[in-house]
Colleague: 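One structure follows; several queries about it will come next.
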Amino acid sequence: MKRMLILLLVFMLTFPVVLAEEVVLSPQMKAERIAVSVLKEKYGLTNDLLGLFVAYVTMTEDGAAVLYLPHAYLPTQIVGEYEVQIDDGQATVSWTHDDQEPMFWQSDMLDSPCWGARQLNMVRLSYEMLMDFLPEDYEPIELPEKHGEMTFEWIEPTAEDLPAEEVMALADAGIKAVYNLPQEEIRLLDHTHEPDLLQASDGQRLWRLYLGDPERSFIVMVNAVTGEVFDITLTTGGVG
């Protein structure tokens, strides 16, 4: 009996890892996974810093373009935009401030003409510091809808839809696959929010799940019929 319990525990601990290897990502999420990887490598952006941006994916004939726009509460001109072009599996990445001297974005000075990973991390950890920096008349720039003109409406699940428990495991696997979040951190995310089932205007039935901790939140959308991870939105910031 004891041996069976040990084997069951091992299976429970390793099950999400297996899912992470087998999870099916939508073409948009495959492109975003590549973008996350190259942004981390070239610009030192972490998952927590990527959560300060909204990713917009445009599929092209040979690949995709992934544009990262900073959230409206950040000084958008100083933070800039990141863009990843993916053609035939090859990625090229650019930043609005690539022409600036590294001393500006590698410093801890918030009065720099551009903010790199170091400055972004400073304001991420201290919302008060960000508010002190922004002028009183600062007007946030409203971001466009992430999914363009696609609309969603709440619907009731049917017997043909994947159960919420299975979809939750797929959501965990999608987060690991795209953001390479350590398994122990995934387990610590709050999984208690009841998922919503949505009907997209293109006909897809999508489970929408909320997972998070005090410093970050993930909204994961999973196809209720196929199990494909349709989209993941990561949000951080305003902590401290």
Side-chain angles (χ1 to χ4, degrees), residues 13 16-17 19-20 23 25 29 32-33 35-57 66-76 78-82 95 105-110 114-134 138 140-143 146 167-196 207-222 229 231-240:
L13 292 174
V17 177
L19 279 176
V23 67
L25 301 175
M29 290 313 303
E32 198 166 332
R33 177 171 60 179
V36 166
S37 178
V38 297
L39 286 173
K40 287 181 176 181
E41 181 179 356
K42 181 169 182 179
Y43 295 105
L45 299 184
T46 62
N47 287 332
D48 287 331
L49 296 183
L50 289 169
L52 302 177
F53 297 80
V54 178
Y56 298 86
V57 183
V66 189
L67 178 65
Y68 284 80
L69 300 181
H71 280 291
Y73 59 82
L74 292 167
T76 55
I78 295 175
V79 175
E81 305 171 1
Y82 294 87
W95 178 36
W105 49 263
Q106 291 178 351
S107 74
D108 294 326
M109 303 300 294
L110 294 183
C114 58
W115 287 356
R118 291 171 64 94
Q119 291 112 324
L120 284 175
N121 205 48
M122 291 169 61
V123 298
R124 179 188 71 82
L125 294 172
S126 177
Y127 192 66
E128 289 80 6
M129 183 180 294
L130 174 62
M131 291 298 97
D132 288 342
F133 171 81
L134 294 177
Y138 176 74
I141 299 176
E142 186 175 352
L143 292 174
K146 182 175 183 180
V167 174
M168 188 69 75
L170 291 170
D172 285 349
I175 292 171
K176 180 173 178 59
V178 174
Y179 290 97
N180 198 27
L181 195 68
Q183 201 66 38
E184 56 272 18
E185 292 189 33
I186 293 178
R187 293 194 188 97
L188 292 175
L189 297 175
D190 184 355
H191 290 70
T192 61
H193 292 275
E194 287 292 328
D196 301 314
W207 280 112
R208 182 173 62 183
L209 305 98
Y210 298 84
L211 302 92
D213 58 30
E215 294 193 8
R216 75 191 99 181
S217 65
F218 294 92
I219 299 177
V220 186
M221 303 179 77
V222 180
V229 176
D231 183 69
I232 303 175
T233 300
L234 167 62
T235 304
T236 59
V239 180

Colleague: Just jot down the side chain to side chain donor-acceptor pair (under 3.5 Å) partners of Asp108, sequence neighbours excluded, or say none.
Modeller: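 By the side chain to side chain donor-acceptor pair (under 3.5 Å) rule, Asp108 matches Arg118.
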Colleague: Look up atom CG in Asp132 and atom CD in Glu128, then write down how far apart they are to the nearest 0.5 Å.
Modeller: 8.0 Å
Colleague: Let me confirm one number: the CG-OH distance from Leu50 to Tyr43, rounded to the nearest 0.5 Å.
Modeller: 13.0 Å
Colleague: Report the distance from atom OH of Tyr68 to atom CD of Glu32, rounding to the nearest 0.5 Å.
Modeller: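 That separation rounds to 4.5 Å.
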Colleague: Evaluate whether atom CD of Glu41 has more than 12 neighbouring non-hydrogen atoms of other residues, nucleotides or ligands under 6.0 angstrom away.
Modeller: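 Count not over threshold, so no.
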Colleague: If you round to the nearest 0.5 Å, how far is CZ of Arg124 from OG1 of Thr236?
Modeller: 6.0 Å
Colleague: So how far is it from Ile186 CD1 to Asp213 CG, rounded to the nearest 0.5 Å?
Modeller: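 Between atom CD1 of Ile186 and atom CG of Asp213 there are 11.5 Å.
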Colleague: Keeping Lys40 on the side-chain end and Tyr179 on the backbone end, is there a donor-acceptor pair under 3.5 Å?
Modeller: yes
Colleague: Only counting residues at least two apart or in another chain, list the ones meeting ring-ring contact (aromatic ring centres under 6.0 Å, His included) with His71.
Modeller: Tyr73
Colleague: Does a sphere of radius 6.0 Å around CD in Glu194 hold more than 12 heavy atoms from other residues, nucleotides or ligands, not counting ones at 6.0 Å or beyond?
Modeller: no
Colleague: Pairing donors with acceptors under 3.5 angstrom, does anything connect the side chains of Asp48 and Thr46?
Modeller: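 The answer is no; no qualifying pair exists.
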Colleague: Quick check on side-chain contact (heavy atoms from CB on, under 4.5 Å): which of Val38, Leu69, Leu45 does Tyr82 satisfy it with?
Modeller: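 Result: among Val38, Leu69, Leu45, Leu45 is the only option passing the side-chain contact (heavy atoms from CB on, under 4.5 Å) with Tyr82.
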Colleague: Do any N or O atoms from the side chain of Gln119 and from the backbone of Met109 form a donor-acceptor pair under 3.5 angstrom?
Modeller: yes
Colleague: Given Val220, which partner from the list Thr233, Val229, Asp231, Val178 fulfils the side-chain contact (heavy atoms from CB on, under 4.5 Å) test?
Modeller: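 Filter result, single survivor: Val229.
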Colleague: Out of curiosity, Leu52 CG to Leu234 CG, how far, rounded to the nearest 0.5 Å?
Modeller: 8.5 Å
Colleague: Check the angle between the aromatic planes of Phe133 and Trp115 and answer parallel, tilted or perpendicular using the 30° and 60° thresholds.
Modeller: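 Answer is tilted, since the angle falls between 30° and 60°.
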